[in-house]
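See structure below.
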Amino acid sequence: MRTARRAHGTSRTRTTTARGGALTALVLLGAILLSACTTPAPPPAADPVETSTAALREQLLQIEGLADPAQTRSGLDYELQITIADPDRAEEVTREAVDAFFASDVRDAITQEVAETYDSAPRFQLSVIPAGSERTGPHLDLVMASGADTQTLADAVATWTRMGQIDGVVPPSGSFEASAFTITYSVDFAGLLAGVRPTAVTAQLRQILTDGGYDAAASTITGVISVPEAVNTVDGEGKSVQGTRFARVFIPLKAAVGPHYGSVLYFLPGDEIVDIYVIPALAPDGTLLPLELTAESARAVGQVIQTEHLYTSWTLRDIIVFTQDGMQTFPAGA
C-alpha cells in the first residue's frame with residue numbers, strides 16, 4: 001500500500017512539471033511576439049526633392065552678393081528666386097547661382113517626381129529681384145532650360161541691373177528669352193518732379209541694351225507713370241485721406257483738363273494745405289500728352305473741389321500739371 005502511494009505521488013509531480021514547462025513556453029512566446037510588435041518601424045526614405053532643394057539653398061547662401069534665396073513650386077513650375085544684394089556683382093552672382101542649380105540634384109529630382117503625375121516636362125525659371133525690393137515688386141524672369149548657357153543668363157541680369165540704376169525710375173520688371181527683353185518700367189513722383197520723362201528713359205534703356213551687345217529693336221520696352229494717391233513728402237511717404245472724398249475729385253477735374261487726363265496725386269504738406277498734381281496720359285512713345293487746363297478753368301474746378309470734396313479746415317492751394325517739358329502751376333484758391 002505504501003509503495004502504491006509513493007507511485008501515485010510521483011505521477012502528480014510529473015504532471016505539475018509538464019504544466020509548468022508549457023506555461024513557461026507560452027510566456028516566452030508572448031514576450032517574443034510583444035517584442036516584435038513594439039520594434040520601431042524604420043524611418044521613411046528621405047524625399048529627393050526636399051533633400052536636393054535644401055542642399056542647393058545652403059550652397060546659394062555661400063555666394064557673396066546674393067541674398068535671401070528662395071525656391072517655389074506650383075504644378076510643373078519651379079522657380080529659383082535670388083536677390084542681388086550687390087549690383088556690381090550681378091553678373092558673377094547670377095553665374096554662380098545658375099551653375100549651382102545645374103550642378104545640384106534639384107532638376108533630376110523634380111523631373112522624376114513630375115513624371116509620376118504629368119505628361120509634360122517641368123519648367124525651370126530664375127527670378128532675380130533687385131536689392132531693397134519686395135518679392136512681389138520689380139523682377140526679371142529668365143528660363144533655365146536644359147543646356148542653357150550660364151553666361152548668357154548672367155549677362156542679361158547684369159544688363160537689367162544697369163537699367164534699374166537710372167534716377168527717378170523704379171527698376172523695370174519683365175523677362176528675358178532668346179536674346180531679347182520684354183520689360184516695363186515706371187517713373188515715380190520724385191522722378192517727375194526732377195524732370196524725368198518716359199521718352200528719355202526709353203532712349204537710355206535702349207542705349208544700355210546696345211552697349212550690352214543686344215539688338216535694342218528686338219526688345220519690347222514700355223514706360224508708365226506710377227504715383228500714389230496721396231503723399232506728404234516728395235519721397236512718397238503716405239498720408240491718410242480717410243473722409244476727404246478724394247475718390248470723387250477726379251470727376252470735375254477730368255472734365256476740366258480734357259481727354260488726355262491720366263491720374264491725380266494729392267500732395268498734403270501739412271494738415272491744412274492741399275496741392276493737386278495732374279498726370280497726363282501717355283502717347284504710345286511715352287510722351288506726356290497735353291492737357292486743356294487754363295487759369296480760369298483751374299479756379300472754377302478748384303472752387304468745386306474746395307466746397308464739395310475737402311474738409312472745411314483744408315485749403316486747396318494749387319493745381320500742378322505735369323507736361324512733357326516740365327510743369328505748369330495754376331492757383332486754385334477760390
Side-chain angles (χ1 to χ4, degrees), residues 47-63 65-87 89-164 170-185 209 212 214 218-222:
D47 182 271
V49 174
E50 292 183 2
T51 301
S52 59
T53 53
L56 175 58
R57 174 175 170 78
E58 291 302 316
Q59 287 183 278
L60 295 173
L61 290 172
Q62 306 305 313
I63 299 176
L66 184 152
D68 198 21
Q71 301 169 77
T72 63
R73 288 191 62 197
S74 177
L76 292 171
D77 297 318
Y78 164 91
E79 183 174 86
L80 170 60
Q81 300 173 348
I82 62 173
T83 298
I84 303 295
D86 182 358
R89 296 196 73 250
E91 178 186 345
E92 292 84 351
V93 167
T94 305
R95 186 174 60 247
E96 292 179 34
V98 175
D99 281 343
F101 168 77
F102 281 120
S104 73
D105 295 327
V106 171
R107 187 181 189 89
D108 289 342
I110 292 178
T111 299
Q112 292 177 14
E113 182 180 274
V114 164
E116 298 175 0
T117 308
Y118 299 93
D119 294 330
S120 301
R123 295 180 289 265
F124 299 92
Q125 177 174 280
L126 173 68
S127 186
V128 184
I129 303 167
S133 297
E134 300 291 334
R135 293 195 182 279
T136 56
H139 61 276
L140 180 68
D141 296 332
L142 309 95
V143 177
M144 295 190 296
S146 177
D149 181 63
T150 300
Q151 189 60 49
T152 297
L153 301 180
D155 290 341
V157 172
T159 299
W160 171 76
T161 301
R162 289 192 290 273
M163 294 180 182
V170 177
S173 285
S175 60
F176 173 83
E177 190 172 2
S179 301
F181 292 83
T182 300
I183 59 174
T184 298
Y185 69 88
L209 288 175
Y214 299 96
S219 293
T220 301
I221 302 176
T222 304

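Computation of the quantities below employed the complete heavy-atom set of this structure, encompassing side-chain atoms and omitting hydrogens, waters and symmetry-equivalent molecules. Predicted, not measured: the structure shown is a model, and the values here were computed from it.
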Margin query: Could you walk me through whether Val106 and Leu80 satisfy the side chain to side chain contact (heavy atoms under 4.5 Å, CB included) test, starting with their C-alpha distance in whole Å, then the side-chain angles of each, then the deciding distance to 0.1 Å, before giving a yes or no?
Written below: CA-CA 11 Å; Val106 171; Leu80 170 60; over 6 Å; no
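- Gln62 is not listed as a side-chain neighbour of Glu96, based on a closest heavy-atom distance of 4.5 Å or more.
- Distance CG/Asp155 to CZ/Arg95: 8.5 Å, rounded to 0.5 Å.
- Once rounded to the nearest 0.5 Å, the distance linking OG of Ser104 with CD of Glu58 reads 13.0 Å.
- Remark: Ala85 engages Ala67 in a side-chain contact (heavy atoms from CB on, under 4.5 Å) (not counting sequence neighbours).
- Applying the salt bridge (Lys or Arg N to Asp or Glu O under 4.0 Å) rule to Arg162 yields no partners; only residues at least two apart in sequence or on another chain are considered.
- With sequence neighbours excluded, the residues that form a side-chain contact (heavy atoms from CB on, under 4.5 Å) with Ser173 are Pro138, His139.
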Item checked: Stepwise side chain to side chain donor-acceptor pair (under 3.5 Å) check, Thr83 with Asp68 -> CA-CA 6 Å; Thr83 298; Asp68 198 21; 4.9 Å; no
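- Listed by chain and residue number, nothing satisfies the salt bridge (Lys or Arg N to Asp or Glu O under 4.0 Å) test with Asp47 (two or more places apart in sequence, or in another chain).
- Contact annotation: the side chain of Val93 never approaches that of Asp86 to less than 4.5 Å [non-hydrogen atoms, C-beta and beyond].
- Ring pair Phe176/Phe181 is tilted by interplanar angle, where 30° to 60° counts as tilted.
- Rounding to the nearest 0.5 Å gives a distance of 8.5 Å between OG1 of Thr72 and CD of Gln125.
- One finds the OG1 atom of Thr51 at 12.5 Å from the CG atom of Leu56 (value rounded to the nearest 0.5 Å).
- One finds the OG1 atom of Thr94 at 4.5 Å from the CD1 atom of Ile82 (value rounded to the nearest 0.5 Å).
- Among pairs with a residue in residues 108-132, those fulfilling ring-ring contact (aromatic ring centres under 6.0 Å, His included) read Tyr78-Phe124, Phe101-Phe124, at least two apart in sequence or across chains.
- Residues Val98 and Leu142 fail the side-chain proximity criterion, which asks for heavy atoms closer than 4.5 Å.
- Under the salt bridge (Lys or Arg N to Asp or Glu O under 4.0 Å) criterion, the residue pairs touching residues 102-126 are Arg73-Glu113, Asp77-Arg123, with sequence neighbours excluded.
- Expressed to the nearest 0.5 Å, how far CD1 of Ile110 lies from CG of Leu76 amounts to 11.0 Å.
- Checked by atom type and distance alone, the side chain of Ser52 pairs as donor or acceptor with a backbone atom of Val49 at under 3.5 Å.
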